[in-house]
Protein chains: 2
Amino acid sequence: MLIHSKATEPTGAAHDRVYRALRLRILHGEIHPGQHLTLRGIGKDFGVSMTPAREAVRRLVAEGALSLSSSGRVFTPELSNERIEELAALRALLEPELASRALPRAHLTLIERLEEINGRVRQMIARHDASGYIRLNLEFHRTLYLRSQAPAMLAITETVWLQLGPTMSKLYGQLRRTEPPRNHKLILAALKAGDEPGLRLAVRSDATQGLRMLKV
Amino acid sequence: MLIHSKATEPTGAAHDRVYRALRLRILHGEIHPGQHLTLRGIGKDFGVSMTPAREAVRRLVAEGALSLSSSGRVFTPELSNERIEELAALRALLEPELASRALPRAHLTLIERLEEINGRVRQMIARHDASGYIRLNLEFHRTLYLRSQAPAMLAITETVWLQLGPTMSKLYGQLRRTEPPRNHKLILAALKAGDEPGLRLAVRSDATQGLRMLKV
DNA sequence: CATGGCTCTTTGTGATCACGAAACGACGCG
DNA sequence: CGCGTCGTTTCGTGATCACAAAGAGCCATG
C-alpha cells in the first residue's frame, strides 16, 4: 500500500492531520468522557496505518487531552472534582492576564468581530447546539487572546481547554435553559470602555462560572 | 532483532524510558540551544529502534521542549527575547499561586527539607556546577509546589521550565559570580512566618530575576 | 445460578523496510 | 577564487509484521 495516502489533502503530514482532527473533536466535546479509542480504529477512520495514529494520540496524551491505562489503552479522561476546580483556577489565572494584554491592542474592528461571534453564540444557544456553542465560545475567547501577542500563554490556555473539552460537552449537553452570554457582554463593554479591572473580572467570571456546575 | 530489548530495565515501556531520559537532559540544560537530534541517533544511544525514539521526541515537541523544522528535523529551540519574557511572565503567574496553595500545608519537616536542598544549591554554586545548580534549584521549587496538591498546575509549570531548560543552561554557564540564593532565603523565611504576601513576592522574584539576564 | 478457568480475539509495542526529500560534499565551470 | 550543480548520504515518514499481554466470551463445574 504505497499509493493513495493523500488524495485530497495537499498540505501537512498525515500524523498532523490526524492530530488536528482528533484535537478538534475533543475540544468541541464530540467525544464522551471515558470513551475508548483504538489505534487501528483511528487509522481506519483517517485512511492511514497505525503509525500516524499512534503519534497523534501520543501528542494528545502529552497535552492531557487523552489518558492511557496501564496497558496502553487510550481513552478520554473523566475528570474528578478536584481536577475540574484546578483547571478552572488555571483559566481564572491565565485568561484575565491574556485579556489584559489584549486590551491596549483591541481596536474597533476586533470588538466588532467579537460582537459578530457573540451573535452566533446566541444562535447556538437558541438552537440548543451544544457542540456549536462550545466551538463558538472558544472562538470568542481565542479571537480576543490572539491580540495579546502571547503565543506561549495562549497555547497553555488551549491545553487547559482541551483537558476540559469532553467534560464541558457533558455540561452543555445537560444545560436546558437558554442562558444568554451575559459575561460576554460585560467583556465587550469593558473592552469598549478600556476598563482593565472590569475586563479582568468579567473574563474571570466567564471562565469559572460554567465550570461550577460541573461538580458532581 | 527480537531478543535483548530490556535486559536491564524491568519497568516501563521503551519510549517512556527514552522520553524521561531526554526530558531530564533538556531540563537540566545538558543540550545546547539549536543542537540537532536525529531519531536514529537517539535510538542508537538507548539501544532501541526509531519507533520509540520518534514517540519520545514527538511528546517533547508537544510540550515545547523541542522544535522541528519544516522538514521534520528536530532541535532544541533558541528562544527569542519575547518568548523568554513570556515564559518568565508565566512563571511569575503560576509559581506564586502554587506557593500560596502550599503555604497552609507547609509543616516543619517540609521547611527542613527545603533548607537541606538549599544547602546543596549553595554547594553547586560554590563549585560552579551549572547543571547541578539548575537541577537542585528545580528540586527546591518542585518540593515546595508538590505540597500545593495541584498536579495540573504543577505539570504546566514544569513544561514552562522545560521550555526554558536549554536557555537557562546558557545563562548559568555564563554566570561567573557566586551569587547566593537570596530569594530562596526569603521564601523560607516567609514560609516560617506564614507570610502569604511575602511568599508570593519572594517566589515571583526568584522566578523572574535570573531570566532578566537572558535577554540578548 | 454463580464462578472459575480456558481459548480466541483484540490491542499496543517495537523492529524493519521502502520511499522521497533534504542536507552535504565535491567537482567543474565561469 | 567563487559559486552553482550534481551525485551521495542522511534523515523523517508511514506501512507492515511478529509478539505479548489484556479482554471478552464461553463452557464446565461446584
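A note on names: the letters A, B, ... follow the listed sequences, proteins ahead of strands, and every chain is numbered from 1. Here the structure is a predicted model, which means the values were calculated and not measured.
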Out of C/dA23, D/dA18, D/dG14, which has the shortest distance to the side chain of A/Arg40? D/dA18
To the nearest angstrom, the CZ-P distance between A/Phe75 and D/dA22 comes to 15 Å
B/Gly72 or A/Ser69, whichever maps to the more 5' nucleotide of DNA chain D: B/Gly72
Find out whether A/Tyr19 and B/Arg58 are in side-chain contact, i.e. whether some heavy atom of one side chain is under 4.5 Å from a heavy atom of the other. no
With the threshold set at 4.0 Å, does a side-chain nitrogen-carboxylate oxygen contact exist between A/Glu55 and A/Arg59? no
What is the distance, to the nearest angstrom, from the CG atom on B/Leu68 to the P atom on C/dA22? 14 Å
Between P of D/dT13 and CZ of A/Arg54, the distance in whole Å: 14 Å
Atom CG of A/Leu39 and atom C1' of D/dC17 are separated, to the nearest Å, by 16 Å
Kindly say whether A/Thr76 contributes a backbone atom to a donor-acceptor pair with the side chain of A/Ser67 at under 3.5 angstrom? no
Looking at A/Arg17, I'd like to know whether one of its side-chain N or O atoms comes within less than 4.0 Å of OP1 or OP2 on D/dG14. no
So do A/Leu191 and A/Leu144 actually touch side chain to side chain, heavy atoms under 4.5 Å? yes
Over how many whole Å does the gap from A/His36 atom NE2 to C/dT11 atom P extend? 11 Å
Determine whether a donor-acceptor pair (one donor, one acceptor, N or O, separation below 3.5 Å) exists between the side chain of B/Arg58 and the base of D/dG12. no
What nucleotide, of C/dG12, D/dA22, C/dA23, holds the atom closest to the side chain of A/Ser71? D/dA22
Taking for each residue the nucleotide of DNA chain C bearing the nearest heavy atom, is the 5' side occupied by A/Thr51 or by A/Arg73? A/Arg73
For B/Glu55 and D/dG12, give me the distance from atom CD to atom P, rounded to whole Å. 15 Å
From the candidates D/dG14, C/dG14, D/dG23, the one with an atom nearest any side-chain atom of B/Ala13 is C/dG14
Minimal heavy-atom distance between A/Phe75 and A/Leu68, with the atoms involved, is CE2-C, 4.0 Å
Using whole Å, report how far CZ of A/Phe46 lies from C1' of D/dG14. 16 Å
So B/Ile42, base contact, sugar-phosphate only, or nothing? Heavy-atom distance under 4.0 Å. nothing
Rounded to whole Å, CE of A/Met50 lies from C1' of D/dT13 at a distance of 16 Å
Using a cut-off of strictly less than 4.0 Å, decide whether B/Ser49 has a side-chain nitrogen or oxygen near OP1 or OP2 of C/dA15. yes
